[in-house]
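All chains are named by letter (A, B, ...) in the order of the sequence lines, taking the proteins before the strands, and each is independently numbered beginning at 1.
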Number of protein chains: 2
Amino acid sequence: MAVPPSAPPEQPSFPEAGTPAFSPLYQQIKGLILQSLQAGEWKPGEAIPSEMDLAARYRVSQGTVRKAIDELAAENLVVRRQGKGTFVATHAEQHVQYRFLKLVPDAGDRDAEGPAQRNVVECKRVRAGAEVARALALRTGDPVVQVRRVLSFDGEPTILEDLWLPGVAFKGLSAEQMAGYHGPTYAMFEIEFGVRMVRAEEKIRAVAADAQQAALLGVAEHTPLLSVERIAYTYNDTPMELRRGLYRTETHHYRNELS
Amino acid sequence: MAVPPSAPPEQPSFPEAGTPAFSPLYQQIKGLILQSLQAGEWKPGEAIPSEMDLAARYRVSQGTVRKAIDELAAENLVVRRQGKGTFVATHAEQHVQYRFLKLVPDAGDRDAEGPAQRNVVECKRVRAGAEVARALALRTGDPVVQVRRVLSFDGEPTILEDLWLPGVAFKGLSAEQMAGYHGPTYAMFEIEFGVRMVRAEEKIRAVAADAQQAALLGVAEHTPLLSVERIAYTYNDTPMELRRGLYRTETHHYRNELS
DNA sequence: AAGTGGTCTAGACCACAAC
DNA sequence: TTGTGGTCTAGACCACTTG
């Protein structure tokens, strides 16, 4: 009994007048674990306390903690490993190296081709325009880091993308960091800036390459390209990155599973 | 105890030599429920027996049935409604009208625009080519129904798509049926042919419209279009539809959520 | 052998919907 | 009031990993 009868919980639930305000105990526990994750009590890749420990900490049964963790695992915030423990999910050392990249080669899986080569075209501090500000929940004119880069697979330029990141959280981000880090960019964000992207939304369109884009990707002008606009979120649905990608799809395709 | 100690279950588990062959009880129950769904013991939209009834039928506890149904619900094969029961999922009368269609208007949600107008260009019986046969797990030359149609939103032609369906399962499918049915095409498949699509895979590319495609969609030749190739599956991962769509993305976009 | 997550049970009670 | 799914508990045991 963590909340209903007595015992001062870390996050009491005060039913507000007018709202049903019924929240299952396991949801409250999930919220508490989420807070600890967000606060950095356990770092990415580390194990969180065992189910028994958490049950004792929150004064609930193991089954209740279990259901809370089940949901966190379903949302990819945490990874369970039988016999070892439950670990904070990370973009590094994850089996799926590029968790948010859905572009795959037409033949074979992504492991078949080597790691992407990164070519940072530019990395500069700018002020947010109206669109960028809206996407990142900032004010127009707020500082923003803008990055433009080209990703190549097996030497073939395949993705041209622009990134916009909130200047406050990503103060000091350099072109060298963007280019030098080995592994997913999101893993670098975790390590260097303590920013964990937990989910993202993408809007996809077909567009024609303009002269500049064609030159950077090594294709003819007007070549059809996949335009992928992504907003990536940290905890609490806070947007932390706007990314506009142009994907060549002659030898790759965007793969999606529906259910 | 449905399987471990005694009682002749409907699907015994014979551990094969060499394989661990450990399957949790709830997975076995899930398999049994799946069989009943596939056999049509409960029709789409109908309620399946209550958890208590199923627990009695399979001689397990309610909690075990619960976990089995939880997974089926997570896979959208079944829908739970508190106080009412658990129902076989259906493409008809579903809140999300077009479950597999990820194209949405740039402004507002899909409910903002009226239902799609369908324009069946042709509907004919053909023999499967190599590609279609492979996608549908048929042999080259097997009978197939091919449909070409244009979908318009608010009077604007937006999607041109070709469908290939196994001729055996979809014998007698007519252009009138494709055009006349009100509601999702997949709902019509359920009702008229008893075929339930439970999941799908899509491969997305950017292409340029050729002369014929441009004419059908009312755009200029070489207009960039989203090419969406979908394979839809029934139970047991059996492919039952190949669909190649060309989406206009001037006022709509393909929306995807990543986690 | 000890510790972790994973399974299974039995029973109590709550929230919701329908009669 | 009854029946449904939803929550919570406590305890037993299993499977996997590590020392």
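- Taking the six-membered ring for Trp and the full ring otherwise, the centers of A/His252 and A/Tyr247 sit at least 6.0 Å from each other.
- Note: CG (A/Leu25) to P (C/dC13) measures 17 Å, nearest angstrom.
- Remark: C1' of D/dG5 and CD1 of B/Ile69 are 9 Å apart, rounded to the nearest angstrom.
- The side chain of A/Glu51 has C/dG6 as its nearest neighbour among C/dG6, D/dG6, C/dT7.
- Between the OH atom of A/Tyr58 and the P atom of D/dT9 there is a distance of 14 Å, given to the nearest Å.
- Of the candidate nucleotides C/dA10, C/dT7, D/dC8, C/dT7 has the atom lying nearest to any side-chain atom of B/Tyr26.
- Although no hydrogens or angles enter the test, the distance criterion places no donor-acceptor pair under 3.5 Å between the side chain of A/Arg243 and the main chain of A/Ile231.
- Following rounding to the nearest Å, B/Glu71 (CD) and C/dG6 (P) show an atom-to-atom distance of 12 Å.
- Distance, B/Gln62 CD to D/dT7 P: 12 Å, rounded to whole Å.
- Between A/Arg66 and C/dG6 there is a side-chain N or O to OP1 or OP2 distance below 4.0 Å.
- One finds no salt bridge joining B/Asp106 and A/Lys203 here, because no Lys/Arg side-chain nitrogen approaches an Asp/Glu carboxylate oxygen to under 4.0 Å.
- Here D/dG5 is the nucleotide among D/dG5, D/dA10, C/dA10 with the atom lying nearest to any side-chain atom of B/Ser50.
- Atom CD in A/Gln27 sits roughly 14 Å away from atom C1' in D/dC8 (whole-Å rounding).
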**Request:** Any chance you could lay out the salt bridge (Lys or Arg N to Asp or Glu O under 4.0 Å) test for B/Glu51 and B/Lys67, step after step, and finish with the verdict?
**Result:** CA-CA 10 Å; B/Glu51 295 179 352; B/Lys67 181 140 189 182; over 6 Å; no

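- Taking atom NZ on B/Lys67 and atom P on C/dG6, their separation rounds to 8 Å, with Å as the unit.
- Near DNA chain D, defined here as any heavy-atom distance below 4.0 Å, the residues from residues 80-93 of chain A are A/Gln82, A/Gly83, A/Lys84, listed numerically.
- Checking A/Tyr254 against A/Glu202 by side-chain atom types alone, a donor-acceptor pair falls below 3.5 Å.
- Remark: the B/Thr90 side chain and the B/Glu190 side chain contain an N/O donor-acceptor pair separated by less than 3.5 Å.
- For A/His91, the ring-ring contact (aromatic ring centres under 6.0 Å, His included) test picks out A/Phe100, A/Tyr186, with sequence neighbours left out.
- Note: CG (A/Leu54) to P (C/dG3) measures 17 Å, nearest angstrom.
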